[in-house]
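Take a look at the structure below.
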Amino acid sequence: MPAPAVSFVTPPNSPHIEALATLGVARRYRRGALLIQEGETGDTLYIVLQGRLRAFVADNQGRELTLGMYGPLEYVGEMSLDGGPRSANVEAAEASTCAVVSRATLLEYIAAHPEFALELMARLIRRARLATDSARSVALIDVYGRLVRLLNELASSKADGNGERPLKERLTHQQMSQHLACSREMVSRLLKDLETGGYIAVRDRWIVLRKPLPARW
């Protein structure tokens, strides 16, 4: 399975998404609850109001690959609004509240606000580009290279007074392995090597980049 380029940055708030959310039904989901199951048919869009959702695929052996994490005012489920089957699973990564919007409501909103269709298209294009980037990553970059890429994407853009860049997200080794399409043991070994080499530090289970990571290991 390919290792996707996952975005952890919440995009600027869209007035259309905020308006559309008010037309949906607010529902709460406990951590781990499955909102969307791959292969099933569905005609609803989920807009995150609070919490975070995780989109992922899984194989028959139970191995999972995370496709994306979605926070407030992000949405999932738009791929099935053409009437086709769901292309991935979506679960609540933490206790979450979503506005559930039906296909009919979405189409009515687009009819009243046709410029919103362009916004939807732009989002689909961005996700298609991420998919292309994922294919390139799995074909050309090894596990260590994908780990470096993930850590740099998660790290703060500016160093603190000590020249260190803490990660903006705290992920377990298992979660990282799901992003990188490798085993948890591989992630643990690579992170331990980087820590021993002084490139990263782990404080209160939070990873900090102490200096630029080497391109190869």
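Along the sequence shown, residues carry numbers from 1.
- Between the D204 side chain and the W206 main chain, no donor and acceptor come within less than 3.5 Å of each other.
- By the neighbour-count criterion of 12 heavy atoms within 6.0 Å, atom NZ of K192 is sparsely surrounded, having that number or fewer from other residues, nucleotides or ligands.
- Within the 4.5 Å cutoff, side-chain heavy atoms of M69 are placed close to those of H179.
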> Yes or no on side-chain contact (heavy atoms from CB on, under 4.5 Å) for R103 and T44, after CA distance, side-chain angles and deciding distance?
Replying inline: CA-CA 6 Å; R103 181 176 185 270; T44 49; over 6 Å; no

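- Look at K168 and E153 and you find no salt bridge, because none of the NZ, NE, NH1 or NH2 atoms lies under 4.0 Å from a carboxylate O.
- Across every non-hydrogen atom of G39 and P85, the tightest pair is O-CB, 3.5 Å.
- Note on V208 and L191: separate hydrophobic clusters, where clusters join Ile, Leu, Val, Met, Phe, Trp and Tyr whose side-chain heavy atoms are under 4.5 Å apart, directly or indirectly.
- A single hydrophobic cluster is not seen to contain both Y46 and V25; linkage of ILVMFWY side chains at heavy-atom distances under 4.5 Å, directly or through other members, places them apart.
- Here the straight-line distance linking atom CG of N152 with atom OG of S157 works out to 11.5 Å at 0.5 Å rounding.
- E119 places a side-chain heavy atom less than 4.5 Å from the side chain of S14.
- Under the 4.5 Å side-chain contact rule for hydrophobic residues, L107 and L20 do not share a cluster.
- To the nearest 0.5 Å, atoms CD (Q178) and NE2 (H173) are separated by 13.0 Å.
- By the 4.5 Å heavy-atom criterion applied to side chains, P214 and Y144 are counted as neighbours.
- Using a cut-off of 4.0 Å between Lys/Arg side-chain N and Asp/Glu carboxylate O, E94 and R31 are scored as not salt-bridged.
- Under the 4.5 Å side-chain contact rule for hydrophobic residues, I17 and I110 share a cluster.
- Between L167 and L151, the closest side-chain pair of non-hydrogen atoms falls below 4.5 Å.
- Distance check, rounded to the nearest 0.5 Å: NZ of K211 to CG of L194 gives 10.5 Å.
- In summary, D193 and R189 engage in a salt bridge, as defined by a charged side-chain N under 4.0 Å from a carboxylate O.
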>> I'd like to know whether V202 forms a side-chain contact (heavy atoms from CB on, under 4.5 Å) with E195, so could you lay out the CA-CA distance, the side-chain angles of the two residues, the decisive distance to 0.1 Å, and finally the verdict.
In response: CA-CA 8 Å; V202 181; E195 186 175 11; 4.1 Å; yes

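- Judged by distance alone, with hydrogens and angles left aside, the side-chain atoms of S96 form no donor-acceptor pair with the main-chain N or O of Y29 at under 3.5 Å.
- In this structure, L120 is a member of the same hydrophobic cluster as Y109, with clusters built from ILVMFWY side-chain heavy atoms closer than 4.5 Å.
- By the 4.5 Å heavy-atom criterion applied to side chains, D43 and L106 are not counted as neighbours.
- A salt bridge does not link R86 to E38: none of the charged nitrogens lies less than 4.0 Å from a carboxylate oxygen.
- Note that CG of N89 is 8.5 Å distant from CD of E91, once rounded to the nearest 0.5 Å.
- Between F116 and H16, the ring-plane angle classifies as tilted under the 30° and 60° cut-offs.
- Residues L147 and L213 have side chains not in contact (no heavy-atom distance under 4.5 Å, counting atoms from C-beta outward).
- In this structure, OG1 in T172 is found 8.0 Å from CE in M176, a value given to the nearest 0.5 Å.
- Remark: R123 qualifies as a cation-pi partner of Y75 under the 6.0 Å distance and 45° angle criteria applied to the six-membered ring.
- Distance check: T66 OG1 to Q175 CD gives 7.5 Å after rounding to the nearest 0.5 Å.
- Side-chain contact between V187 and L180: present, with at least one pair of heavy atoms (C-beta onward) separated by less than 4.5 Å.
- Although no hydrogens or angles enter the test, the distance criterion places a donor-acceptor pair under 3.5 Å between the side chain of R165 and the main chain of S156.
- Panel note: side chain E40, backbone Q37; a donor-acceptor pair is recorded below 3.5 Å.
- Taking 4.5 Å as the limit, some side-chain heavy atom of C98 sits within range of a side-chain heavy atom of L53.
- Looking only at distances, no side-chain donor or acceptor of T105 sits under 3.5 Å from a matching main-chain atom of V101.
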